[in-house]
Amino acid sequence: MSLKGKHLIDPGDFSLTELNSIFQLAEKIIENREEFSEICKGKILATLFYEPSTRTRLSFEAAMLRMGGKVLGFSDANVSSTAKGESIADTIRVISSYSDIAVIRHPKEGAPKLASKYSAIPVINGGDGGHQHPTQTLTDLLTIKKLKGSISGNRVAFCGDLKFGRTVHSLIKTLSRYPENKFVLISPNELRLPEHIKHILKSDANVEVVETEDLELVIDSIDILYMTRIQKERFFNEADYVRLKDSYILDKNKLKAAKKDMLIMHPLPRVNEIDYDVDDDDRAVYFRQAEYGVYARMALMALLLGVYENA
Ligand code: CP
């Protein structure tokens, strides 16, 4: 089994064996970072970001630099020739001759997939509109594996903007492929998980799904609470955003009823949905989660570039 030369557009592109090989390598890197500090020597990562990012872009860059490779790219489409009307197909054709692997974030759903069809190098989806965010899913699953011990058998609650939150869409579909996970969906009525994803969970994966608008009603039964930001940039009008933006604010008081070993995760950035007082709680793991993102992306790129093969 080799991931060399593959694209990662949707977590469903990879089998569970392939996903597990990424986590296996990420855990090896965590144990001995020095051993991997030169494996990408001579390799170049292109970061093509048509939408704002802190973690995804910089953790990819850190990952390549920590493996001895180099990085080029842009963090604002307005400083690229996109501003002159160049298509993503032409951009990736050119970038394919400048670099060995590319990560693309784009506001349009499907843009990284389109780019992959014209690319001579592996393309990684760094988040496309409200659709998918597969490397956040790798980050999230590695965090769950490290801190919960297993990606299976957890009751996972997703809270906030389940309609537009691409991190939720990628993660919940992937978790449903692992055995014995159960889901609790907590959102305002207008921001419920899209029906097509619920259909996958209920019909294809046959997993238990509970929906509620009330976080406090269910918090005592949860193993992992995945908080999300209300996605301001995907709303059609400001008034709806203002009305919904503070639907859920996790604070110390609400946490009193939660399990002592519940994980509080968040893909970040946080706006108001987790009180700063919660950061000191041992269950709050969102900053460790962001750190694990570097190791997950190191492992992913090493395998796609074929500079490392798992035994
Ligand atoms: N989690 C995440 O995608 O963060 P950024 O938008 O900062 O990349």
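When a ligand or atom number is given, it counts from 1 through the structure's own listing order. Numbering of residues begins at 1 and proceeds along the displayed sequence.
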Salt bridge present between Asp282 and Lys260 (N-O < 4.0 angstrom):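 Between Lys260 and Asp282 there is no salt bridge, as every charged N stays at least 4.0 Å from the carboxylate O atoms.
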Flag if over 12 foreign heavy atoms under 6.0 Å of OH, Tyr118: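 At most 12 heavy atoms, drawn from other residues, nucleotides or ligands, come within 6.0 Å of this atom.
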Heavy atoms from other residues, nucleotides or ligands near NZ of Lys182 exceed 12 (cutoff 6.0 Å):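 Not more than 12 within 6.0 Å, no.
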Region of Leu268 engaging ligand 1 - heavy atom pairs below 4.0 Å: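 Contact part for Leu268 vs ligand 1: backbone (N, CA, C, O).
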Ligand 1 contact on Arg105 by region, counting heavy-atom pairs under 4.0 Å: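 Side chain only; the backbone of Arg105 stays clear of ligand 1.
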Residue Thr54 vicinity, atoms of ligand 1 by number, heavy atom under 4.0 Å: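 Answer for ligand 1: 5 (P), 7 (O), 8 (O).
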Interfacing atoms of ligand 1 (cut-off 4.0 Å, heavy-atom, Gln136):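 Selected atoms, number and element: 1 (N), 2 (C).
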Whether Tyr286 and His266 hold their rings parallel, tilted or perpendicular, with breakpoints at 30° and 60°: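 Because their plane-to-plane angle is over 60°, the rings of Tyr286 and His266 count as perpendicular.
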Geometric N/O contact Pro269 with ligand 1, under 3.5 angstrom: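 Among all N and O atoms of Pro269, none is under 3.5 Å from an N or O of ligand 1.
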side-chain contact (heavy atoms from CB on, under 4.5 Å) evaluation trace for Tyr292 with Leu138: CA-CA 9 Å; Tyr292 283 133; Leu138 297 180; over 6 Å; no
Heavy-atom nearest neighbour of atom 3 (O) of ligand 1 within options Arg57, Arg229, His133, Arg55: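 Ranked by closest heavy atom to atom 3 (O) of ligand 1, first place is His133.
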